[in-house]
Structure formats: structure tokens, C-alpha cells
Amino acid sequence: MSAPYMLSASILSADFTNLGEQIQEAEKAGVDWIHVDVMDGHFVPNLTMGPFIVKACRRVTQLPLDVHLMIESPEDLLEAFAQAGSSILTVHVETCPNLHRTLQTIHELRCKAGVVLNPATPVDLVVPVLHMVDLVLVMSVNPGYSGQSFLPEVLPKLTFLRREFEKINPTAYLEIDGGINSSTLPMELNAGANVFVAAHAIFDYPGGINAGVQQLRSHFPG
Ligand code: DX5
Ligand code: ZN
């Protein structure tokens with residue numbers, strides 16, 4: 001595998017009265033990316049953040065902003081999210097009838113392009129675009145909230161995608177999101193994931209953000 005292991009801190013569980021400090025604390029603790037969960041109240045039941053929050057994150061950190069778009073018609077907002085300072089824009093396959101075009105648009109906006117699969121979505125749906133993505137994100141909870149339990153039945157998708165990436169796109173990232181903690185991370189790592197999103201296990205960790213990050217990172221090889 002040529003891509004390194006990454007920890008992406010989801011601010012969904014951060015204390016929004018101190019968002020800047022929380023991001024800087026996570027950065028200091030050693031997270032690699034900041035994950036921003038954008039929800040529209042239609043594609044997923046919850047309603048969260050727009051480009052304005054991405055712009056605020058960009059002001060407090062130079063880390064890559066990993067923007068997960070859980071919204072209908074994401075193509076309408078790609079430019080706004082790119083201009084706000086996103087580094088990676090990830091769209092759900094379930095929301096993109098013209099997936100090649102959407103991914104091309106993300107590249108034209110000079111962002112890395114990712115595609116996401118919900119837990120019940122078959123992995124075959126992303127096979128036609130594996131050669132052109134920078135990242136595939138496998139959801140291991142039904143999206144909408146942080147703090148849910150990991151669904152182990154998605155692990156075979158990671159194994160399949162790792163094998164495909166080794167053949168056709170070895171530098172692409174394979175990301176997993178939902179219910180990641182110190183107990184589940186080794187399973188996802190063994191199945192081939194190399195980017196791990198965590199909200200609850202970082203921002204709600206009983207010993208604090210730094211201890212939560214160290215606990216997760218302790219499983220990374222080398
Ligand atoms: C869920 C979001 C996740 C969420 C993860 O809809 O996409 O990024 O914040 O939260 P935890 O790590 O608490 O499961
Ligand atoms: Zn997410």
C-alpha cells in the first residue's frame with residue numbers, strides 16, 4: 001500500500017462554542033485531516049454545516065479539510081465549498097446520477113474528489129469511477145449523527161476496494177467513517193482502510209482530545 005495512515009477528526013462532536021480551539025487542540029494532538037460533516041435534513045435526517053463553517057475552519061488550521069457532503073444535488077454547492085477552502089470534496093454515490101461529471105467538476109475546482117457509499121449501498125456502484133477518484137469513503141453507520149455503533153458487515157467492502165485499488169489506483173485513499181474507536185479500528189485497518197474518521201472517540205473522549213487521538217493512533221503500524 002503506498003498511501004499512509006491518516007486520522008480525520010470529525011468536528012460533528014466538537015464543542016461549537018469553542019470550535020477554533022477544539023480544531024487546534026486536535027491538530028496539536030496529531031490528527032492529519034479535519035472532517036466536516038455537511039447534512040441537509042433531506043438526504044440525512046440531521047441538519048448541520050455549510051460553506052461558512054468550512055471557511056471558519058480554514059482560518060484556524062492549515063490541515064486538509066475533508067468535507068463529507070451528505071446533501072441532495074451536491075453539484076449545486078461544489079463551487080461554494082471549494083471557494084470556502086475545502087481540500088477534499090466527497091459526494092455520496094446515492095445522490096449523484098452523473099457521477100463521472102460530478103467528480104470531474106470537483107477536480108476542475110482543484111479539490112481532491114471522493115465518493116461515499118452508505119452501509120446498504122452495494123460496492124459495485126463505485127467500480128466504474130475507481131480509476132478517477134482520490135478517495136472512497138465507506139460508511140460504517142447510517143449517516144446523520146455521531147456516536148453510533150460500527151456496522152461490521154461493511155468490512156468486506158474495504159477488502160474488495162483495497163484489492164481493486166492495488167490493481168488500478170494504488171495511491172487513492174480508502175476511508176472509513178462511523179463508530180470508529182480503539183476497539184473497532186484494528187478490524188478496519190486489517191480490512192484495508194487507511195483513513196479513519198472519528199468524532200466521538202476524539203472530541204468526547206473521557207481523557208480529552210489528546211488522549212483520544214493517541215489512543216487511536218497507537219494502532220497505526222510503524
Ligand atoms: C455520520 C458522519 C460521521 C460522524 C462520525 O453521519 O458522517 O463523520 O461524525 O461520528 P463517530 O465517529 O462518533 O461515529
Ligand atoms: Zn462523515
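FYI, the numbering just counts along the sequence from 1. Quick caveat: nothing in here was measured; it's all calculated off a predicted structure. Read the numbers this way: they start at 1 and go in the same order the structure lists the ligands and their atoms.
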- Query: So, does R58 use its side chain to make a donor-acceptor pair with the main chain of T61 at under 3.5 Å?
  - Reply: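 Present.
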
* Side chain D134, main chain A172, donor-acceptor under 3.5 Å -> no

Taking only heavy atoms of [X] into account, list the atoms of ligand 1 that are under 4.0 Å away from them.
X	result
P143	6 (O)
A198	12 (O)
H200	11 (P), 12 (O), 13 (O)
M39	6 (O)
S10	8 (O), 9 (O)
M139	7 (O)
H68	7 (O)
M70	6 (O), 7 (O)

With H68 as partner, the option from L12, L137, V38 fulfilling side chain to side chain contact (heavy atoms under 4.5 Å, CB included) is L137

Mind checking whether [X] and [Y] have side chains closer than 4.5 Å, heavy atoms only?
X	Y	answer
L117	M139	no
I209	E25	yes
L130	L161	yes
L155	F150	yes
E175	H35	yes

Shortest protein contact, [atom] (heavy atom only):
atom	answer
atom 13 (O) of ligand 1	G147 N, 2.8 Å
atom 12 (O) of ligand 1	A199 N, 2.8 Å
atom 3 (C) of ligand 1	D177 OD1, 2.9 Å
atom 6 (O) of ligand 1	G144 N, 2.7 Å
atom 14 (O) of ligand 1	G179 N, 2.8 Å

Straight-line distance of E27 CD to I23 CD1, nearest 0.5 Å:
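These two atoms lie 9.5 Å from each other.
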
| query | Salt bridge between R217 and D32, side-chain N to carboxylate O under 4.0 Å? | reply | yes

Look at the side-chain heavy atoms of Ile, Leu, Val, Met, Phe, Trp and Tyr, link any pair under 4.5 Å apart, and say whether V154 and L125 land in one connected group.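 Yes, it is one cluster - the side chains of V154 and L125 are joined through contacts under 4.5 Å.
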
Report task. Could you establish whether G178 and ligand 1 come within less than 4.0 Å of each other, counting only heavy atoms on the residue side? Result ->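 Contact present.
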
message: Below 4.0 Å from ligand 1: does a non-hydrogen atom of Y145 turn up there or not?
response: yes

Closest to atom 7 (O) of ligand 1 (heavy atoms only, candidates V44, L12, D37, N118) is D37

Looking at [X], which of its N, O or S atoms is the nearest one to the Zn ion (ligand 2)?
X	value
D177	OD2
H68	ND1
D37	OD1

Q. Is E79 atom CD crowded by more than 12 heavy atoms from other residues, nucleotides or ligands, each under 6.0 Å away?
A.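 Not buried by this count: 12 neighbours or fewer within 6.0 Å.
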
